[in-house]
Amino acid sequence: MLTLIEGAEVFSPAPLGQQDLLVADGRIAWMGKGLTVPADWPLARVDGRGRYLVPGLVDPLAHITGGGGEGGFAFRTPELAASEALQAGVTTLVAALGTDSLTRTLAQVLGKVREFRAAGVSAFMYTGSYHLPVKTLTGSVESDIMLIPEVLGVGEVAISDHRSSAPTHDELARLASEARVAGLLAGKSGVSFFHLGDGRGALAPLRALRDGTDIPLRQLYPTHCNRNPWLFAEAIEWGRAGGWVDLTASSFPDLLDDGEQLAADALVALLAAGVPRERISFSSDANASLPRFDGEGRLIELRCGQIGSLWQQFSRACALGVPLASALSVVTANPARALGLTGKGTLGVGQDADLLLIDPETLVIGRVMSGGQWRA
């Protein structure tokens, strides 16, 4: 079955004006105006007039097997359902382990990734976890990336956090180098995705990799850059220098008294500070445990990351005056580029047919297509 979406206002995320779009075999086969379709074609027509047509969201960090446990076993967060991701407009995501890599394993993550794929979500994963030595599926980061199609890189490796394994410079350099080389050999990004905590070291470990090794800057992908003022100040410098800056969308307005910023507000500040839009992304941190600790490292409270936060923070950014195309890029094209997913994050002939029809006034998601099929 072919699908022709007619008359929608297309954002690729760049504004392309009113277009018709033909979907065939899971991809965008044609875009333009005035397509003549033979009467005997098996065609489903969708009226897109009065709607925006945008790419499906690309989420570089989701804990689809759940996470947490910092307060004990009663604090473990639940698994994420593929239907929840699709309803939130997320058509592509990358899964990771969190603090707990003992009772939650990479084998479980891989099984869940394949469950998501069967449900129509383009799901991938990182090998490794918070701690070094890294946990792997096949015995090494290199072989995981090269031999397992779903593995894009290594992460979520914790630095500048009291929950990390306090990795040394040499350990991080070796890890990022191994992921980089494996990515080259496998035709993948081989990215190293880093969890940044509240430690005063902030981005210092990554600056040391940038300045003291030959690892390309694009291989180092730090997240949670909006979690405190000193980390955010360093993220501005990092982004100006061409590094990736990932902002966590799962923040809570009532917990911002510690200096954390909502992702949308942080985006506005980054753009105002001269960080290129192309270097910024949002991630949901879905189903992660979001703990708060006191000054002595004791747990005060724990909440759960939300997959819907990506769209919420995108919408808030638009309300704060960020142009729609710019706000879209941080949840579509930019993370896709950082992850090396060339078929994702943009709308164009030959791209995967992952797209959303949304209301231009309310920015409410109306329909979700993933892999060329309507999923929500």
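Everything quoted here is computed from the prediction, not taken from an experiment.
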Below 4.5 Å, heavy atoms only, C-beta onward: do Asn334 and Ser329 meet side chain to side chain?
yes
Would you say Asp211 has more than 12 foreign heavy atoms packed within less than 6.0 Å of its CG?
yes
According to a 4.5 Å side-chain heavy-atom criterion applied to Ile, Leu, Val, Met, Phe, Trp and Tyr, with indirect links allowed, do Val157 and Leu339 form part of one hydrophobic cluster?
no
Contacts under 3.5 angstrom, residues 1-13 side chains, donor-acceptor by atom type, not counting sequence neighbours:
residue: Glu6; atom: OE2; partner: Arg45; partner atom: NH1; Å: 2.8
residue: Ser12; atom: OG; partner: Leu347; partner atom: N; Å: 3.2
residue: Ser12; atom: OG; partner: Leu347; partner atom: O; Å: 2.6

With sequence neighbours excluded, what pairs up with Glu79 under the side-chain contact (heavy atoms from CB on, under 4.5 Å) test?
Lys112
For Ser192, the side-chain contact (heavy atoms from CB on, under 4.5 Å) test, sequence neighbours excluded, returns Val154, Ala176, Ala179, Phe194
Could you go through Glu234 and Arg210, starting from their C-alpha distance and side-chain angles, then the distance that decides it, and tell me whether this counts as salt bridge (charged side-chain N to carboxylate O under 4.0 Å, His left out)?
CA-CA 14 Å; Glu234 292 191 14; Arg210 178 191 68 187; over 6 Å; no
Do the side chains of Leu355 and Leu21 get nearer than 4.5 Å, heavy atoms only?
yes
Main chain of Ile145, side chain of Lys188: is a donor-acceptor contact present, judged purely on distance under 3.5 Å?
yes
In short, ring pair (Phe, Tyr, Trp, His ring centres under 6.0 Å) pairs touching residues 88-143 with sequence neighbours left out are Tyr126-Phe193, Tyr130-His195
Can Val54 be reached from Ile28 by stepping across I, L, V, M, F, W or Y side chains whose heavy atoms are under 4.5 Å apart?
no
Is Leu185 atom CG crowded by more than 12 heavy atoms from other residues, nucleotides or ligands, each under 6.0 Å away?
yes
When rounded to the nearest 0.5 Å, the distance separating CG of Leu57 from OG1 of Thr92 is 9.0 Å
Glu142 side chain to Ala182 backbone, donor-acceptor under 3.5 Å
no
Within the side chain of Glu156, is there an N or O that forms a donor-acceptor pair under 3.5 Å with the backbone of Ala95?
no
Test side chain to side chain donor-acceptor pair (under 3.5 Å) on Ser250 and Asp285 and set out the steps.
CA-CA 6 Å; Ser250 286; Asp285 209 12; over 6 Å; no
Report yes or no: do Leu175 and Leu147 belong to one cluster of Ile/Leu/Val/Met/Phe/Trp/Tyr joined by side chain heavy-atom distances under 4.5 Å?
no
Determine, step by step, whether Leu262 and Gln313 satisfy the side chain to side chain contact (heavy atoms under 4.5 Å, CB included) criterion, reporting the C-alpha distance in whole Å, the side-chain angles of both residues, the deciding distance to 0.1 Å, and the verdict.
CA-CA 8 Å; Leu262 294 175; Gln313 290 303 307; 3.7 Å; yes
How many angstroms lie between atom CG of Leu110 and atom CD of Glu150, to the nearest 0.5 angstrom?
5.0 Å
Would you name the heavy atoms of Leu247 and Ala263 that are closest together and state the gap between them?
CD1-O, 3.6 Å
Derivation of the side chain to side chain donor-acceptor pair (under 3.5 Å) call for Arg375 and Ser370
CA-CA 6 Å; Arg375 309 284 185 176; Ser370 183; 4.8 Å; no
For Trp230, enumerate each residue passing the side chain to side chain donor-acceptor pair (under 3.5 Å) test, keeping only those at least two apart in sequence or located in another chain.
Asn228
Go through Ile159 and Ser164 one step at a time and tell me if the side chain to side chain contact (heavy atoms under 4.5 Å, CB included) criterion holds.
CA-CA 6 Å; Ile159 57 175; Ser164 79; 5.8 Å; no
Hey, could you give me each pair passing ring pair (Phe, Tyr, Trp, His ring centres under 6.0 Å) that has a residue in residues 307-351? Not counting sequence neighbours.
Trp311-Phe314
Quick one: pull up CD1 in Ile307 and OG in Ser309 and give me the separation to the nearest 0.5 Å.
7.0 Å
Verdict with supporting geometry, Tyr221 and Ser281, side chain to side chain donor-acceptor pair (under 3.5 Å)
CA-CA 10 Å; Tyr221 197 0; Ser281 64; 2.7 Å; yes
Check whether Arg316 reaches the backbone of Ala264 with its side chain - one donor and one acceptor, N or O, closer than 3.5 Å.
no
Apply side chain to side chain contact (heavy atoms under 4.5 Å, CB included) to the pair Arg367 and Leu356, showing each step before the final yes or no.
CA-CA 6 Å; Arg367 301 191 72 179; Leu356 313 176; over 6 Å; no
